[in-house]
Engineer: 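This is the structure I have questions about; it appears just below.
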Amino acid sequence: MSSLSGNICLVLAALVFSPVFTPLFHTRVSTSNDQGASGYMIIFVVFIHLLFLALTVFACTSIARNGGFNWISEKSLFER
């Protein structure tokens, strides 16, 4: 993967996760006769989070393959 695909994954992850901060997730689900509606919302939230996780893992993999994490030391501060 190239850095372009990593950047595309990061942009898509930001677009996928943006509905979490919209009023869609702050409205209450009706609790009258449609009890199944809250289940659909939970499935939607889990799907959004799993998609965000997958896109960030792909972006992280792309960064690691291009040597983007080489600036991080392999030794901890306490081992020096």
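Fair warning: this is a prediction, and the values are worked out from it, not measured in the lab.
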Engineer: At what distance, to the nearest 0.5 angstrom, does OG of Ser62 lie from CG of Asn7?
Structural biologist: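 Output value for this atom pair is 7.5 Å.
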Engineer: Linking Ile, Leu, Val, Met, Phe, Trp and Tyr through side-chain heavy atoms less than 4.5 Å apart, which residues share a cluster with Val11?
Structural biologist: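 Joined to Val11, directly or through intermediates: Leu15.
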Engineer: Just verifying a value: how many Å separate Arg65 CZ and Ser5 OG, rounded to the nearest 0.5 Å?
Structural biologist: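 Reported to 0.5 Å precision, the distance equals 9.0 Å.
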Engineer: Please check this pair: side chain of Thr56 against backbone of Phe52, looking for a donor-acceptor N/O pair closer than 3.5 Å.
Structural biologist: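 Yes; at least one donor-acceptor contact below 3.5 Å.
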Engineer: Mind checking what makes side chain to side chain contact (heavy atoms under 4.5 Å, CB included) contact with Leu55, not counting sequence neighbours?
Structural biologist: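 Only Cys9, Leu12, Ala13, Val16, Leu51 meet the side chain to side chain contact (heavy atoms under 4.5 Å, CB included) criterion with Leu55.
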